[in-house]
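Reading through the structure tokens given below for one structure.
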Number of protein chains: 2
Amino acid sequence: MLATLRAMTAIRHSPKGAAKREEILETALEIVARLGYNGATIRNLADAVGLSKTGLLHHFGTKEELFVEILRRRDAEDLVAFEAALAQGHSIVEAFAGVLTRNANVPGLVQLYSRLAMEASDPNHAAHDYFVDRYREVRREIEGQVRAAVAEGRMTDSVAPEQLALIFVALSDGLQMQWMFDSGVEMGTQIEELFRALRLDALLE
Amino acid sequence: MLATLRAMTAIRHSPKGAAKREEILETALEIVARLGYNGATIRNLADAVGLSKTGLLHHFGTKEELFVEILRRRDAEDLVAFEAALAQGHSIVEAFAGVLTRNANVPGLVQLYSRLAMEASDPNHAAHDYFVDRYREVRREIEGQVRAAVAEGRMTDSVAPEQLALIFVALSDGLQMQWMFDSGVEMGTQIEELFRALRLDALLE
DNA sequence: GTCTATACCTAGATAGAC
DNA sequence: GTCTATCTAGGTATAGAC
């Protein structure tokens, strides 16, 4: 359950290899932030961690798998943060907006996610299945939280939970796209204001 | 005004060149639909229209400019269809959903748009400015239509027109993303249902 | 203006040695 | 686990033919 979102513990790696993997993942994110997605080439990544191109690929096989691993970890962290915010009494909108805001503050992450997702829309792409699973699981997670809130009387059921999950994800992805072309937007704040303006707060709090 | 969205008439081309340009644009869209965005390489496109790689590039300079030209034409057609639907008495939601549905029925177009937009999020990308302008103009167009509807008493002003424009575009982009991974969704229908479920129809009709 | 051939560069991936 | 060398694919610039 939620296998794609929750952390996948690396098992078959020596301590040295595991450490190098960590270093590569952190460096990759930093390079995407600094040089952009296009600048995050195998060569640049390899140089940054002091490896040859082949040396770097040894740890992940392909560039896509490396990137997917970064996103998998973000998913796991986001899930923890989302559920923690809810546990602290925040509304679903607030918890969701918090995740968005947090990610927007990690330069490169939004770009990495959006770019890779669109490339992976091709069914033959190595990361296609990851995104198919991820979308399904993210929607299911939100839908479940909505149902729980409805059951506890914290939310009306005038909107079908599946639809609400779909719209949450669509808004998140869509706001990120516009944000990438006009970074003045505070996505988290924006999504909260939008829901408030659209009277969704009445439904959701 | 709306220079990016409205059709740009080609001026400095002979009849022969103009015809070839048309053939290339139509073929490119067909190839994206059949082979996917990744399959739409310069070589494949050139083969399909019976030109050498350089011969094809002669007409557009770069691959990106070719793709942008396709999107520009779609924008122009969409704008016409959108305003025509409004003129026929449809609501903004209906007119907007109609455009979405129409585009979803042109295989390859959604993929072309989404892929190119994300690649162009890099400020150095050749198509970056096109998308910056496009987002601005699409929002402005929607915002203007909303204001007009408010002025005529066909819509409440409880939601700021700018915010409504932002959410329309975000929903559109976001739904397209999920649609690409789960094409069972009828985007146009979905967006109408969503707005209805979210009680936006009360605001918008 | 339309188009070809060639040559070049970058990027990702693979084979096989150490 | 890491390297060197090599392969492939894709995009583009140049020179020049018609």
Q. For the pair made of CZ in R115(B) and C1' in dG10(D), what is the distance, rounded to whole Å?
A. 13 Å
Q) On the ring face of F60(A), is K53(A) found with NZ or CZ under 6.0 Å from the centre and within 45° of the axis? A) no
Q) CG of L66(B) versus C1' of dG11(D): gap in Å, rounded? A) 13 Å
**Q.** Integer-rounded Å distance: dG1(C) P and R21(B) CZ
**A.** 12 Å
Show me the protein contacts with nucleotides 3-7 of chain D, counting only N or O atoms at under 3.5 Å.
| from | atom 1 | to | atom 2 | distance (Å) |
| --- | --- | --- | --- | --- |
| dC3(D) | OP2 | S52(A) | N | 2.8 |
| dC3(D) | OP2 | S52(A) | OG | 2.8 |
| dT4(D) | O4 | T54(A) | OG1 | 2.8 |

Q. How long is the line joining CZ of F60(B) and C1' of dT2(C), in whole Å?
A. 14 Å
Q: Take the protein atom CG of N38(A) and the nucleotide atom P of dA11(C), then report the distance between them rounded to whole Å.
A: 10 Å
**Q.** Shortest side-chain distance from I42(B), nucleotide among dG1(C), dG11(D), dG1(D)
**A.** dG11(D)
Q) For dG1(D), does either OP1 or OP2 sit under 4.0 Å from a side-chain N or O belonging to H58(A)? A) yes
Q. What is the distance from CG of L57(A) to P of dG12(C), rounded to the nearest Å?
A. 9 Å
Q | Short side-chain N/O contact from K16(B) to OP1 or OP2 of dT2(C), under 4.0 Å | A | no
Q: Could you state the atom-to-atom distance from CG of L45(A) to C1' of dA13(C) in whole Å?
A: 15 Å
Q | Side chain of T62(B) - closest among dT12(D), dT2(C), dG10(D) | A | dT12(D)
Q: Taking the six-membered ring for Trp and the single ring otherwise, decide whether the centroids of H125(B) and F131(B) are under 6.0 Å apart.
A: no
**Q.** Interatomic spacing from CG in D173(B) to CD in Q178(A) - rounded to 0.5 Å
**A.** 6.5 Å
**Q.** Distance below 4.0 Å between H59(A) side-chain N/O and dT2(D) OP1 or OP2
**A.** yes
Q. Hey, which of L112(B), L116(B), D75(B) is the one that makes side-chain contact (heavy atoms from CB on, under 4.5 Å) with I70(B)?
A. L112(B)
Q: Using the test side chain to side chain donor-acceptor pair (under 3.5 Å), find all partners of K20(A) that sit at least two apart in sequence or belong to another chain.
A: E23(A)
Q) Rounded to the Å, how far apart are D47(B) CG and dG11(D) C1'? A) 15 Å
Q: Answer yes when R102(A) and D78(A) have at least one side-chain N-carboxylate O distance shorter than 4.0 Å, and no when they do not.
A: yes
Q: Mind running salt bridge (charged side-chain N to carboxylate O under 4.0 Å, His left out) on R147(B) and E162(B) for me, showing each step along the way?
A: CA-CA 10 Å; R147(B) 285 190 197 283; E162(B) 305 95 295; 3.4 Å; yes
